[in-house]
Amino acid sequence: MEEKHEKFKKPYDFVATEPRIYEAWEQSGYFNPDNLPGDRTEAFSIIMPPPNANGRLHAGHGLDMTLKDIVIRFKRMQGKKALFLPGADHAGFETQVVYEKRLEKEGRSRFGMDPKQLYEEIYAFTLENKKSMEDDIKRLGTSCDWSREKFTLDPEIVTQVQQTFVKMHEDGLVYRGKRTVNWCSKHQTSLSDVETESVEETTPFYYLKYGPFTIGTVRPETKFGDKYVVMHPDDKRYTSYKQGDTFDLEWINGPITATVIKDEAVDMEFGTGVMTITPWHSQIDYEIAQRHGLDMEQIIDLRGKLLPIAGEFEGMKIAEARPKIVEKLKEKELVVRVDENYKNVVKRCYKCSTMIEPQVKDQWFVSMEPLTQLVIDAVERDELIGILPDYEKKILLHWMKNSIDWNISRQIVWGISIPAWFKGEEIRASIESPGEGWTQDPDTFDTWFSSGQWPLLTLGYPDSDDFKTYYPTDLMETGADLVFKWVPRMIIFGLYLAKQVPFKQVYFHGMVNDAQNKKMSKSKGNVVSPIDLTQTYGADALRMALVVGTPAGSNIPLSEDKIKGYKHFANKLWNITRFVLENTEGADANAPLNDADLALKAEVDALARELTENLEQYRIYLAAEKVYHYAWDRFAAVILEESKPILAGSDAAAKASRQALLLSLLTTTVKLLHPFMPFVTEEIYQSLPSKSVDFLMVESWPHA
RNA sequence: GCGCGGUUAGCUCAGUUGGUAGAGCGCGUCAUUGACGUUGACGAUGUCGGGGGUUCGAAUCCCUCACCGCGCACCA
């Protein structure tokens, strides 16, 4: 016994303890719900949002893992068949971008590389990162079932993703279409709307003389082929012009013939109420051209350079060409005036900020309307999940009602290949080649096409035992930045394939910022690594700092002072334990409690009830704060102090009662704290004189 | 343009269904070789953004104004 207490005489050594405890947990097998002790009938499942396997974990992942781990440990202790299923995402475009930067540093480029070789290189890179990412997850104390881990490129996952595509094709929910797509000319791929960001810029707005009209544009470089002039049919200023009228005018590179088109898409209030159209490089113009069966011509190539239609400007990049074109227009006296303060919203690639060039391309699209309708119907039937914070539900529904068809094909190698085959004009969707003469679509899926099916894929949809046991999952806890990218797609696929919303509760956490609540970014140099923090303060301290006082949705200022405070707290628990063990040597843990001690026992029971309620309602931040205050301000500061005279006194019955109480309170306290600070509480539990199970992790949650 | 959030102590933020203002860090005074290198006690600083309303009672509910921040958006 004496030896046992020795370790408590030194400060708590989390650096040595935490990895040792994690290993012991892993070896116990208890991360796997199949191995949990007792008769567990009720399942509780959480699917981990698979981190991108292209780097180390960042602070946001720290919060991500912590919140879910708190919940799963709580449920496990409550006697549930608790599954926390980990995974990793190949993260298509994101990883390809990371790898391309690396190639750039080495003076190489993906362009001109053999696609197979590029794929192999990125594959090796990803596997390496996946390993370190898993180590990071473990370092945080995440109690997930590694035996069930899934990777988005596991063969059975890939097959299922492709099967979904084939099924959707059969159901008419995906189609091959020539449409305007968001084209990034640096990365040479199309992007979905959520992969672009809209940035407001002040750009000169040019009013140009177009025959008898004045038209406006911020993009003179696209105007070479404009041969249709469009106005609203009700615009009284232009009643003398009829649909189909033609007239000649002098344009940038010489005389052209223009045709009048009347279309209600034109805003009479804007500018002169007259516009020319560039269908190949503008969504709205494309739609007008489609309605009227107009010609469309490409002006800018996929590299962002002007085509021969630009005449002397052929081959120039936009940025270079624009001022020269304006100069020429001025010389030809075609510039009426310039508004230098015009504010314009432009789309940029969310990874490289290159201006998105709308291009008309053949791509695969998901027809969203019938799918979002499934979700809206489910809401109306009141089947939709609870969402925290509440306002995110409104945001999600707004997205559902306004989403446009989803471009799912990417012109990159790093991803799941699209099971579509071409032979001349014929198109087929099937996993195997339809036969001689068919070539497979070289494109890959948008990474959200696979991760959107994640709850189904990880559980072995459609007919595995796990799927039957754990679907729908209980909690989807993820970052608020995924409210459009990921969550709605999982709901859609869940309803479409499994006819059930894939989770009962969504919890969105905010972003982890620096101590001043400013976004962490490499350029600001304020990025902190969660792994470094675990080395300095311990994973337990980091976990507490991340959750105390941070409700769903709110951003989290992460200061080292706060983490340090919880490092001190871990040590406080250590010393509480030392005091209790030293003063209960040989005591009877079941001695009868006197009235005063029964009252103190009742107090901790009441706390347990409160925590249970808070955790069940996912008010994790409140539960963490309450148990912290109990341990420090009540148990250590008051109860232990009051105990000193009793333990030193001559009233043997009072002493025995107090000793039993202290053992009981210590046990209850480490149980209540375990979901939040799993390591130090487990280490303490291992030194308690009487344990009912081999690990605190599988102890029963206090209930009174 | 449409939508959403915030405004509480020096700093960063909590405050669950309305019931005499809280945490962490920081600050001040005193104590302490202590179960605690990482301790304890006590304390200071707040007209809870402005104004109005509901209520016995509002940081909390409603209206309005101001200021910050965020998301979405095909007005050329």
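Chain A is the first sequence line, chain B the second, and so forth, proteins listed ahead of strands; every chain is numbered from 1.
Backbone-only engagement by A:Tyr342 is indicated by non-hydrogen atom pairs under 4.0 Å involving sugar-phosphate atoms exclusively. At the heavy-atom level, A:Thr577 lies nowhere under 4.0 Å from the strands shown. Residue contacts for A:Val580: at a heavy-atom cut-off of 4.0 Å it reaches no nucleic acid atom on any strand shown. A:Lys564 comes within 4.0 angstrom of no nucleic acid atom, judged by non-hydrogen atoms across all strands. Residue contacts shown for A:Val266 include a base, since a base heavy atom lies under 4.0 Å away. Within the 4.0 angstrom heavy-atom criterion, only backbone atoms of the sugar-phosphate kind lie near A:Tyr621; the bases stay farther away. At the heavy-atom level, A:Lys343 lies nowhere under 4.0 Å from the strands shown. Looking at heavy-atom distances under 4.0 Å, A:Ala265 makes no contact with the nucleic acid at all. Residue-level contact check: A:Glu641 touches the bases, meaning some heavy atom is under 4.0 Å from a base atom. Residue contacts for A:Lys572: at a heavy-atom cut-off of 4.0 Å it reaches a base atom on one of the strands shown.
Picking from B:C74, B:A35, B:U16 the nucleotide with the shortest atom distance to the side chain of A:Lys626 gives B:U16. The side chain of A:Lys223 lies closest to B:A76, out of B:A76, B:A35, B:G37. Out of B:U39, B:A76, B:C74, the shortest distance to the side chain of A:Lys347 is found at B:C74. Relative to the side chain of A:Glu625, the nucleotides B:A23, B:C75, B:A35 differ in distance, and B:A23 lies closest. When each of B:G37, B:A35, B:C72 is scored by its nearest atom to the side-chain atoms of A:Phe484, the top-ranked nucleotide is B:C72. Distances from the side chain of A:Asn571 to the nucleotides B:U16, B:G37, B:C74 place B:G37 closest.
Side-chain nitrogen and oxygen atoms of A:Thr180 include none within less than 4.0 Å of the OP1 or OP2 phosphate oxygen of B:C74. A sub-4.0 Å separation between OP1 or OP2 of B:C72 and a side-chain N or O of A:Asn402 is absent. The side chain of A:Trp632 contributes no N or O atom lying less than 4.0 Å from OP1 or OP2 of B:U39. For A:Asn344 and B:A76, the shortest distance from a side-chain N or O to OP1 or OP2 is below 4.0 Å. The side chain of A:Arg578 places an N or O atom within less than 4.0 Å of a non-bridging phosphate oxygen (OP1 or OP2) of B:C36. Listed pair A:Lys567 / B:G37 fails the phosphate criterion, with no side-chain N or O lying under 4.0 Å from OP1 or OP2.
The aromatic ring centres of A:Phe676 and A:Tyr628 sit 6.0 Å or more apart. Checked against a 6.0 Å centroid threshold, the rings of A:Trp251 and A:Phe224 do not count as neighbours.
Using the Watson-Crick or G-U wobble rule with both distances under 3.5 Å, B:G40 pairs with B:C30. Summarising the base pairing, B:G49 is matched to B:C65 through a Watson-Crick or G-U wobble pair whose two defining distances lie under 3.5 Å.
Side-chain contact annotation: A:Glu683 with A:Thr17, donor-acceptor N/O pair under 3.5 Å absent.
None of A:Tyr507, A:Trp486, A:Phe508 except one satisfies the side chain to side chain contact (heavy atoms under 4.5 Å, CB included) rule with A:Met476; the exception is A:Trp486. Partner of A:Trp280 under the side-chain hydrogen bond (donor to acceptor under 3.5 Å, both in side chains) criterion, chosen from A:Glu297, A:Glu357, A:Gln359: A:Gln359.
Atoms CH2 (A:Trp399) and P (B:C4) sit 19 Å apart, rounded to a whole Å.
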